[in-house]
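First listed ligand is number 1; within each ligand, the first listed atom is number 1. Sequence positions, counted from 1, serve as the residue numbers for this chain. Only a predicted model underlies this, so the values are computations on that prediction, with no experimental measurement involved.
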Amino acid sequence: MVRDRWVDEQWQWNWDRSMPEGGRTGQQFIDMQQALHQLELSDREDTWQCTLQHDGSFIVACIRKHIDEKTLHSRDTETRWNNLVPIKVNILVWRLRMDRLPTRENLMVRGIDVPSILCPSCRAAMEDTDHVFVKCDIAVQIWKRIFRWIDMDQPMFGVISDVFNWIDVVNVRQKARGVLDAIFISAMWVMWQYRNNVIFGAVTQPA
Ligand SMILES: [Zn+2]
(Lines give C-alpha, C1' and ligand atoms only; values in the text may rest on other atoms or scores of the structure.)
Protein backbone atom coordinates (compact mmCIF):
# COMPACT_ATOMS: atom_id res chain seq x y z
CA MET A 1 0.00 0.00 0.00
CA VAL A 2 1.15 3.53 -0.69
CA ARG A 3 0.60 4.49 2.94
CA ASP A 4 3.05 1.76 4.00
CA ARG A 5 5.73 3.43 1.89
CA TRP A 6 5.20 6.83 3.46
CA VAL A 7 6.85 6.66 6.88
CA ASP A 8 7.87 9.61 9.10
CA GLU A 9 7.19 12.16 6.36
CA GLN A 10 9.38 10.41 3.82
CA TRP A 11 9.31 7.57 1.30
CA GLN A 12 10.57 4.20 2.49
CA TRP A 13 11.22 1.49 -0.10
CA ASN A 14 11.17 -2.10 0.90
CA TRP A 15 11.26 -4.26 -2.20
CA ASP A 16 10.97 -8.03 -2.24
CA ARG A 17 13.64 -8.18 -4.92
CA SER A 18 16.70 -6.01 -5.27
CA MET A 19 16.35 -2.97 -7.51
CA PRO A 20 18.59 -3.39 -10.57
CA GLU A 21 21.18 -0.69 -11.09
CA GLY A 22 20.55 1.23 -14.30
CA GLY A 23 18.55 -0.42 -17.07
CA ARG A 24 14.92 0.13 -17.79
CA THR A 25 13.55 -0.70 -14.36
CA GLY A 26 16.18 1.39 -12.62
CA GLN A 27 15.36 4.38 -14.80
CA GLN A 28 11.65 3.96 -14.14
CA PHE A 29 12.39 3.96 -10.42
CA ILE A 30 14.35 7.21 -10.74
CA ASP A 31 11.54 8.74 -12.82
CA MET A 32 9.00 7.66 -10.23
CA GLN A 33 11.02 9.22 -7.43
CA GLN A 34 11.23 12.47 -9.36
CA ALA A 35 7.50 12.42 -9.98
CA LEU A 36 6.85 11.75 -6.30
CA HIS A 37 9.14 14.57 -5.31
CA GLN A 38 6.57 17.13 -6.42
CA LEU A 39 3.70 15.26 -4.85
CA GLU A 40 1.86 16.66 -1.91
CA LEU A 41 -0.18 14.22 0.08
CA SER A 42 -3.42 15.31 1.65
CA ASP A 43 -6.07 13.70 3.82
CA ARG A 44 -8.74 14.08 1.14
CA GLU A 45 -10.40 11.01 -0.39
CA ASP A 46 -8.72 9.74 -3.57
CA THR A 47 -10.44 10.68 -6.82
CA TRP A 48 -10.00 9.78 -10.47
CA GLN A 49 -8.96 12.44 -12.94
CA CYS A 50 -8.60 12.26 -16.69
CA THR A 51 -5.62 14.37 -17.62
CA LEU A 52 -6.67 14.59 -21.26
CA GLN A 53 -9.31 17.16 -20.34
CA HIS A 54 -8.48 20.47 -18.71
CA ASP A 55 -11.18 20.07 -16.10
CA GLY A 56 -10.22 16.46 -15.36
CA SER A 57 -13.49 15.01 -16.61
CA PHE A 58 -13.60 11.76 -18.55
CA ILE A 59 -14.90 11.70 -22.12
CA VAL A 60 -14.78 8.53 -24.20
CA ALA A 61 -14.20 10.46 -27.45
CA CYS A 62 -11.14 12.00 -25.88
CA ILE A 63 -9.65 8.62 -25.06
CA ARG A 64 -10.53 7.34 -28.53
CA LYS A 65 -8.66 10.23 -30.11
CA HIS A 66 -5.69 9.71 -27.82
CA ILE A 67 -5.45 5.99 -28.63
CA ASP A 68 -5.79 6.63 -32.37
CA GLU A 69 -3.02 9.19 -32.26
CA LYS A 70 -0.75 6.71 -30.51
CA THR A 71 -1.52 3.58 -32.50
CA LEU A 72 -2.88 4.32 -35.97
CA HIS A 73 0.08 4.80 -38.22
CA SER A 74 -0.71 5.66 -41.78
CA ARG A 75 1.18 3.01 -43.68
CA ASP A 76 1.89 3.18 -47.34
CA THR A 77 1.41 -0.56 -47.62
CA GLU A 78 -2.06 -1.70 -48.60
CA THR A 79 -3.82 -4.34 -46.55
CA ARG A 80 -3.82 -7.64 -48.40
CA TRP A 81 -6.64 -10.11 -48.04
CA ASN A 82 -6.77 -13.54 -49.61
CA ASN A 83 -10.15 -15.27 -49.63
CA LEU A 84 -8.61 -18.67 -50.33
CA VAL A 85 -7.12 -18.96 -46.84
CA PRO A 86 -8.67 -18.76 -43.36
CA ILE A 87 -9.05 -15.39 -41.66
CA LYS A 88 -6.38 -16.29 -39.10
CA VAL A 89 -3.80 -16.60 -41.87
CA ASN A 90 -4.75 -13.21 -43.29
CA ILE A 91 -4.51 -11.67 -39.84
CA LEU A 92 -1.06 -13.17 -39.32
CA VAL A 93 0.08 -11.64 -42.61
CA TRP A 94 -1.45 -8.31 -41.69
CA ARG A 95 0.48 -8.26 -38.42
CA LEU A 96 3.61 -9.55 -40.12
CA ARG A 97 3.57 -6.76 -42.70
CA MET A 98 3.31 -4.16 -39.95
CA ASP A 99 6.15 -5.93 -38.13
CA ARG A 100 3.88 -6.52 -35.16
CA LEU A 101 4.51 -10.19 -34.58
CA PRO A 102 6.03 -10.93 -31.16
CA THR A 103 9.42 -12.00 -32.44
CA ARG A 104 12.13 -11.90 -29.82
CA GLU A 105 13.48 -8.69 -31.32
CA ASN A 106 10.09 -7.01 -31.16
CA LEU A 107 9.57 -8.17 -27.57
CA MET A 108 12.95 -6.81 -26.57
CA VAL A 109 12.31 -3.47 -28.31
CA ARG A 110 9.09 -3.19 -26.32
CA GLY A 111 10.99 -3.73 -23.08
CA ILE A 112 9.83 -7.27 -22.36
CA ASP A 113 12.38 -9.57 -20.76
CA VAL A 114 13.11 -12.47 -23.09
CA PRO A 115 15.40 -15.36 -22.16
CA SER A 116 17.27 -14.99 -25.47
CA ILE A 117 17.01 -12.83 -28.56
CA LEU A 118 18.37 -15.60 -30.77
CA CYS A 119 16.22 -17.43 -33.27
CA PRO A 120 14.78 -20.46 -31.44
CA SER A 121 15.14 -22.65 -34.53
CA CYS A 122 18.76 -22.09 -35.57
CA ARG A 123 20.14 -20.04 -32.65
CA ALA A 124 22.51 -18.44 -35.17
CA ALA A 125 21.05 -14.94 -35.47
CA MET A 126 18.76 -12.48 -33.75
CA GLU A 127 15.15 -13.40 -34.27
CA ASP A 128 13.50 -10.62 -36.21
CA THR A 129 10.66 -10.85 -38.72
CA ASP A 130 12.91 -11.10 -41.78
CA HIS A 131 14.91 -13.84 -40.11
CA VAL A 132 11.90 -16.00 -39.24
CA PHE A 133 10.29 -15.83 -42.67
CA VAL A 134 13.17 -15.36 -45.08
CA LYS A 135 16.66 -15.69 -43.68
CA CYS A 136 16.52 -18.58 -41.23
CA ASP A 137 17.80 -21.79 -42.75
CA ILE A 138 14.47 -23.51 -42.25
CA ALA A 139 12.71 -20.69 -44.14
CA VAL A 140 15.29 -20.86 -46.91
CA GLN A 141 14.69 -24.60 -47.27
CA ILE A 142 10.91 -24.16 -47.31
CA TRP A 143 11.02 -21.46 -50.01
CA LYS A 144 13.37 -23.62 -52.07
CA ARG A 145 10.99 -26.57 -51.95
CA ILE A 146 7.95 -24.43 -52.70
CA PHE A 147 9.56 -23.01 -55.82
CA ARG A 148 10.60 -26.47 -56.92
CA TRP A 149 7.02 -27.63 -56.43
CA ILE A 150 5.38 -24.74 -58.30
CA ASP A 151 8.10 -25.10 -60.94
CA MET A 152 9.17 -21.48 -61.10
CA ASP A 153 12.54 -19.80 -60.91
CA GLN A 154 13.25 -18.75 -57.37
CA PRO A 155 14.03 -15.07 -56.87
CA MET A 156 16.29 -13.79 -54.10
CA PHE A 157 14.37 -13.05 -50.94
CA GLY A 158 16.43 -10.81 -48.64
CA VAL A 159 13.60 -9.31 -46.61
CA ILE A 160 9.98 -10.29 -46.16
CA SER A 161 8.71 -7.46 -48.37
CA ASP A 162 10.61 -9.07 -51.27
CA VAL A 163 8.18 -11.98 -51.08
CA PHE A 164 5.11 -9.76 -51.33
CA ASN A 165 6.67 -7.60 -54.02
CA TRP A 166 7.44 -10.70 -56.05
CA ILE A 167 3.84 -11.92 -55.82
CA ASP A 168 2.64 -8.51 -56.96
CA VAL A 169 4.76 -8.34 -60.08
CA VAL A 170 5.23 -11.96 -61.14
CA ASN A 171 4.03 -12.52 -64.67
CA VAL A 172 0.99 -14.77 -64.13
CA ARG A 173 -2.76 -14.38 -64.59
CA GLN A 174 -4.73 -12.77 -61.79
CA LYS A 175 -6.28 -16.04 -60.64
CA ALA A 176 -2.91 -17.74 -60.47
CA ARG A 177 -1.56 -14.79 -58.50
CA GLY A 178 -4.22 -15.35 -55.86
CA VAL A 179 -3.29 -19.03 -55.64
CA LEU A 180 0.43 -18.25 -55.41
CA ASP A 181 -0.33 -15.73 -52.69
CA ALA A 182 -2.37 -18.35 -50.83
CA ILE A 183 0.50 -20.85 -51.03
CA PHE A 184 3.03 -18.31 -49.83
CA ILE A 185 1.08 -16.92 -46.92
CA SER A 186 0.08 -20.44 -45.85
CA ALA A 187 3.80 -21.23 -45.78
CA MET A 188 4.34 -18.18 -43.56
CA TRP A 189 1.59 -19.40 -41.27
CA VAL A 190 3.32 -22.78 -40.98
CA MET A 191 6.70 -21.12 -40.32
CA TRP A 192 5.22 -19.07 -37.52
CA GLN A 193 3.46 -22.13 -36.03
CA TYR A 194 6.67 -24.11 -36.19
CA ARG A 195 8.57 -21.30 -34.49
CA ASN A 196 5.96 -21.14 -31.72
CA ASN A 197 6.06 -24.89 -31.29
CA VAL A 198 9.84 -24.79 -30.92
CA ILE A 199 9.56 -22.13 -28.22
CA PHE A 200 6.60 -23.56 -26.40
CA GLY A 201 7.79 -27.11 -26.49
CA ALA A 202 5.64 -29.03 -28.97
CA VAL A 203 8.58 -29.68 -31.32
CA THR A 204 11.87 -31.20 -30.32
CA GLN A 205 14.77 -29.73 -32.24
CA PRO A 206 16.93 -32.25 -34.03
CA ALA A 207 20.40 -32.09 -32.50
ZN1 LIG B 1 16.92 -19.01 -37.43
Within 45° cone of F164 ring axis and under 6.0 Å: R97 NZ or CZ: yes
Partner set under side chain to side chain contact (heavy atoms under 4.5 Å, CB included) for K144, not counting sequence neighbours: Q141, R148, Q154
Non-hydrogen atoms of P120 and R195 that approach each other most closely: CG-CG, 4.1 Å
Inter- and intrachain pairs under ring pair (Phe, Tyr, Trp, His ring centres under 6.0 Å), touching residues 168-188, at least two apart: W143-F184, F147-F184, W166-F184
Test salt bridge (Lys or Arg N to Asp or Glu O under 4.0 Å) applied to D162 - qualifying residues, sequence neighbours left out: none
Neighbouring protein N, O or S atoms of the Zn ion (ligand 1) [cut-off: under 2.8 Å, no waters]: C119 SG, C122 SG, H131 NE2, C136 SG
Donor-acceptor under 3.5 Å (R104 side chain, M126 main chain): no
